[in-house]
Structures are given as structure tokens and as C-alpha cells.
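Notes follow once the structure below has been shown.
Order of the sequence lines sets the chain letters (A, B, ...), proteins ahead of strands, with each chain counted from 1. As the structure is a computational prediction, the values presented were derived from the model and not from experiment.
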Amino acid sequence: MSTPLTLLDKLWAAHEIVTRQDGVSLLWVDRHLVHEGSHHAFAKLAARSAHVAAPELTFAVVDHYAPTRNRAHIADPQIARMIDTLRANAATHGLRLFDLGDPAQGIVHVIGPEQGLTLPGLLINCGDSHTSTHGAFGALAFGIGATEVAHVLATQTIWQKKPPAMRITVDGALGAGVSAKDIALNWIAKLGTDGARGHALEYTGSAIRGLSMEGRMTLCNLSIEGGARFGMIAPDETTLAYVEGRPHAPRGRDWDAALTAWSDLTTDDDAEFVRDVHFDASDISPTVTWGTSPEQALPVTAMVPDPGQLTDDKADAARAALDYMGLVAGRPLAGTQVDQVFIGSCTNGRIEDLRAAAAVLAGRQAKVPGIVSPGSALIKAQAEAEGLDKVFTDAGLDWVASGCSMCVGMNGDLVAEGKRCASSTNRNFRGRQGRGARTHLMSPAMVAAAAVAGALTDVRPLLQGRPA
Amino acid sequence: MGGWTQHNGQAIALPLANVDTDQLIPARFMSVPRADGYGNFLLHDLRRDAQGTLRSDLPLNAHSGASVLVAGRNFGSGSSREAAVYALVDAGFHAVIAPSFGDIFASNAVNNGLLPARIEDAACEALLAQLGAGMLPVTVDLHASTIAINGTILTFALEESWRIKLINGWDDIDLTQQYTPDISRYKDNRSQTASWAWPAAAD
Ligand code: SF4
């Protein structure tokens, strides 16, 4: 009998061109996604007068610096220059560009799947750490730096050492008001931001199977926050139903051939993982971060931790984090007043996220200002067709165009110094949303609840009597 | 980029865990062309108070000429921004020593001649304590995998392929070119056996 293989083993073998003596492999890249931040890589390419090896596999998108209001007039010359540089590079190399006015524009990790560019069985690279998102389809997807982006542009390949495989199994049913975001924050809190460092992470179990593609993408997206190189979920009926009929998805005979190829993309029984971790979905509550690292997260019903009761290695970091966040140990997390909210990003800016937030906000008023930025222009149109935009604006929130926006603040959507933001994004690092900004990460439904309460609060009571 | 085998320099401590790349270089500086230099952006917001004045209590500010940084676990986690490495390199750093690194940061570092040297937790704690707020002469040897500082010799861990790259200052694109026939063969085969893997033309 042949050795049982993991999903990682199968994906890896399918992309390996050569393996050097030192164990590093040259892998074929099926899709390469670039954005404004790829300017360093294009400059490297220009410096050696090289061209893009496979323009038909390379897609460019304006997202990191995309203005979310008044796109016709970009006031900041630096931002205008970043976008123009991408336009020029895309034109020089003949790349399909999802520009600001494109009906399919959006955040790179949202539009890849939406356009059917992301498929099971592919290797996908992008100069952005949250490229792990695409692993939700059973793809090998990982973020790379500028030198590597230049390498992929020039050769359509990447050198990588195969990481060890790790598995997280989540069984059982998630409670009401608990989502993929909570699964992710929960495991990162338990295992640490380096809990999966250097590993290829596969998620499995009944709770994972039960997630929609949107939920799976949220989970795989956040894998990098736990240090994982890749986050992956084997494709199943849910995956196929999402992919079929997308603009760039295979059709006809190619679709049939793809189905055959994809049916093998599962981990064999008895395949070995270097690390196997189990969680029970029913143990997971709506979770919020209290500190400046995604691992500093707790159920919203918990108290702000006391550094004195943490282990030495965590205590100093906790003290510094509480100081930065302006929180007092021992007080309940719920009730912590927020100044503003943000719903969006490649983590939680998809249609299902907007629906979950709107379900909480419908007929209610936000006590604090906030921005809702859909992950793509198509999601924006869909949400408007469903009337979700009205729910947000009636509640007093701003409904804006799609882009990375307040996830990273490069387009000028910033949280002011010392202000506290309930955010559906992925990083609560110091200064991530603006210098001195205090970020609490949580699910879109929890952000909506924070908007209604003007404070961190448990979303579950707000969902009672409302359709799920 | 030139390769190197031994570095004689000065080490300082940054006794923080989880120094992410957003801290190493805040996003607002990332639109600057590389030729302008990134050294001044290194840990910009950590090094300065709200008025922009350099904080005097940080070793990084108190000493000039440091070229080896000793830090806590999970250094360089977060965003894939290679600019974090540019900031370190342009500020004169040749090596960062820590118990662990963010994966993408570490490979970015090697691509720019910056050594991400992993040492044991306890050894790192001891080293941070020895350095305190001061600066000490250090010798880093890539061949021997050693760090000599203050009379102690520590061994660091590094991927073998990365050691070779750092020593030779190799550029991957040049290296890959020798595999062009293999790449073509692979591509032909994939396009025939898995044509579904190419994007369908949008309607
Ligand atoms: S939304 Fe945030 S995390 Fe996602 S690609 Fe944009 S900046 Fe990166």
C-alpha cells in the first residue's frame, strides 16, 4: 500500500518542478496577484530589463490605496502616484487590471475567488500575507515579499521549502452569533501568534465542513495571524457550488476535468501530521481582542486579564498592551466604550459578513460613527440590491466604496490617536489603523453590536427574536 | 547584493516579543521609492514620541552604529512588507537575533543579505540581559553559525539553503534561469494535463 498523503503532499507534488539537494523546491505558480504595493518588485524587474513571464496568469488590482470616497479626485498626490504606478506597470506588461472604476474592483483576496481566478488545486501567490485566504478552496496559497514577487513575475515560479503539515480539527456546532472569526481568534489565543509558525495548516472537522466559503475564507485568511505559512481546507460540494459559473472558472470539458482532478484533493486516512489539535465548536464564544496582538483575545464575557496572573513571558507584553489600549485589568471587557467601528477588509468584508452585521443593526441606531466598506464593488452592488446599505446608513454608519480602507489606513481612512475602534479586520497591532489607534478585533456581527451599544458587548442578546 | 561570511559589528537589544512589520515600518512610509532610503523609518513610531522627538530610553536611539539587533520571539510577524527589511538594512543592520521569526520576514531578510539568526529562548533572554541598555562588540560567523559576544560564543540556527544564499549573495532570478528547460517542460505538461488551471476567458 502506498503511503497515505496529506492535502499538502498532493498539492505540493502537483507543483514541483525540481527539488534541489538542499530540499528546496521550485514550484509552478498558477496565479499571481499584484497590487499597488508591488511597485518595489516591478522596479526590480525593470532594473534587469526583464518582462513578466506569464501575463495571462498575472492579475493586478487597486485595493490598498483605493479611496473609498470621491474616487474621481484623489487629493493625496502620494496615493495618486501609487495607483498610477500600478496602472503604468500593468499597461507595460499587458496585465488585466481591476482599476478603481472597474465593476469587479475590490480587495485582492476577495476578487480572486469572486472572479473564479482562485480554484482548488492551484498555487497562488501575492505580495500580501493574507494570501492564505485562497487556501479555503484547497489551493496552496501564500504571501511573499517584494524580491519573491519579482521572481514570480520574471519566472512564474517560486522557491520554497516544504513546510511540515499541521491540522486543526473543529467538531460540533457553532452557537448563535458565533462565526469563523471566533474560531480563528479562539485558536490563535490558545496556541499563540506563533502557534502554527512555519506550518502548512489544514482545517477539518464537522464545524469547518459546516462553514460557507465566506466563513472558510475568513478562517484561512487569519491563519497567518497564528503564524501558519498556508491555511487550507479540502474542497467539497460547498466549494464546487461557489466556484461553478464564476467569470474565469473552467467551463465545459475543462470543468469536467477539473472535477476529476479536485476529487483527489483530500487528506488520505491515516496521513501523518506533525501536530494535531482539536477544538469543540460549542466551547467557542464571541471573541474580542483586548491587546495589540491577535493572540491577546478572550470571550467578550471575560474580564480584562491581570498581567500578574499570566506567565512571565506573557506578562510584560500584556502590561504594555493594556497600557497602549488604555484598559484596566480585572474590569469586564464588555462595556468598554468605543469611539468608532469599522466593517470591511479581506477578512470580513464579504456579503455574508455584511448580512450578519445588518441583521444586528436593522431597526437600530449606532451610538458611534463608523465605516462599512464592502470587500468588492460586486459585493457592494449585491448588498445594495438586498437593501443592506439602507440598514447601515439608517443606523448612522457610512456606506463607502470597496478597498482595504481602515484595515491598514493607506488610503487615508485612519483611526485617530488614542481612539478605540471595534473592527472586523485582522490586525490589532500598534498603529495598524493609525498612529496610537486602539483596535479591537471581532466578527462583523460583534462590530455591529458594539456600534449599537457604543461599547464592546455580547452580540447574542441582540440577536434574540431575530431570524438567524 | 554582495555575500558575506563574517560580520564584526556592534549589538544592541530590543527586548520585545512580537515586533511586527507594521511596527518595523508603519504603512504610511511604504510608498517611498527604495532609492530614497528607508533607514529613518525603522521602528518609526516606537522610537519617537507623539511630537516626533527620539525617545532617549531606547538603546536603538542611544547608540549609533549598531549593526546587530537582539529581540524577542516572533520578530517580523505580520504583513509581508519587505520594506521592514529595507528599513533594517538601510539603518545599517546585518543580522537580527531572536528565538523565532515571522516566516515571510525571514525569507525577505535573506533576500536582502540580512541574517535572521535563531537562538534558544533562554540564550536570548541571557543575551538581552547582558546587553541591557548598552552596546557590545559582536562577531557573527555564517560558516560556523556562531555569535561571539562578551566572551561567550552562541550557536544560531539557520536553514542551510539560506546560509548558502547569504554567503554567496545569490539572486534567485539568476539561479532559476538555469532551470528554464525544466520550467518549460513543466508548463507544457501542465497545460496539457490540467488546462483547467488556466483562467477561462471571461465572457
Ligand atoms: S484588507 Fe487589510 S489585510 Fe486584507 S489585503 Fe487589504 S490591507 Fe491586507
Check: Ser195(B) and Asp254(A): side-chain donor and acceptor closer than 3.5 Å?
Finding: yes
Checklist line | Proximity breakdown for Val408(A) and chain B, heavy-atom pairs closer than 4.5 Å | finding: both
Check: Is there a donor-acceptor contact under 3.5 Å linking the side chains of Asp172(B) and Thr147(A)?
Finding: no
Notebook entry, point to check: Using a cut-off of under 4.5 Å for heavy-atom pairs, which of Leu117(A), Leu26(A), Val24(A), Thr292(A) has the most such pairs with chain B?
Noted result: Leu26(A)
Item checked: Step-by-step salt bridge (Lys or Arg N to Asp or Glu O under 4.0 Å) determination, Arg430(A) to Asp20(B) -> CA-CA 9 Å; Arg430(A) 287 161 184 269; Asp20(B) 55 74; over 6 Å; no
Note to self: Counting only non-hydrogen atoms closer than 4.5 Å, does Phe142(A) touch chain B with its backbone (N, CA, C, O), its side chain (CB onward), both, or neither?
What the structure shows: neither
Check: So does Arg73(B) pair up with Asp194(A), basic N to acidic O under 4.0 Å?
Finding: yes
Checklist line | Salt-bridge present (Glu16(A), Arg190(B); N to O < 4.0 Å) | finding: no
Check: Looking only at heavy atoms, which of residues 21-28 of chain B get nearer than 4.5 Å to chain A?
Finding: Asp22(B), Gln23(B), Ala27(B), Arg28(B)
Notebook entry, point to check: What part of Val32(B) is in contact with chain A, defined as an atom under 4.5 angstrom from a non-hydrogen atom: side chain, backbone, both or neither?
Noted result: backbone
Item checked: Ser293(A), part contacting chain B, at a heavy-atom distance under 4.5 Å -> side chain
Notebook entry, point to check: When you measure from the side chain of His248(A) to the backbone N and O of Ala200(B), does any donor-acceptor pair fall under 3.5 Å?
Noted result: yes
Notebook entry, point to check: Ring centroid separation for His15(A) and Tyr186(B), is it under 6.0 angstrom?
Noted result: no
Check: In a check of side-chain contact (heavy atoms from CB on, under 4.5 Å) between Thr176(B) and each of Val18(A), Thr157(A), Ile17(A), which one passes?
Finding: Thr157(A)
Notebook entry, point to check: Does the distance from a Lys or Arg side-chain N to an Asp or Glu carboxylate O, for Arg48(A) and Asp174(B), drop under 4.0 Å?
Noted result: yes
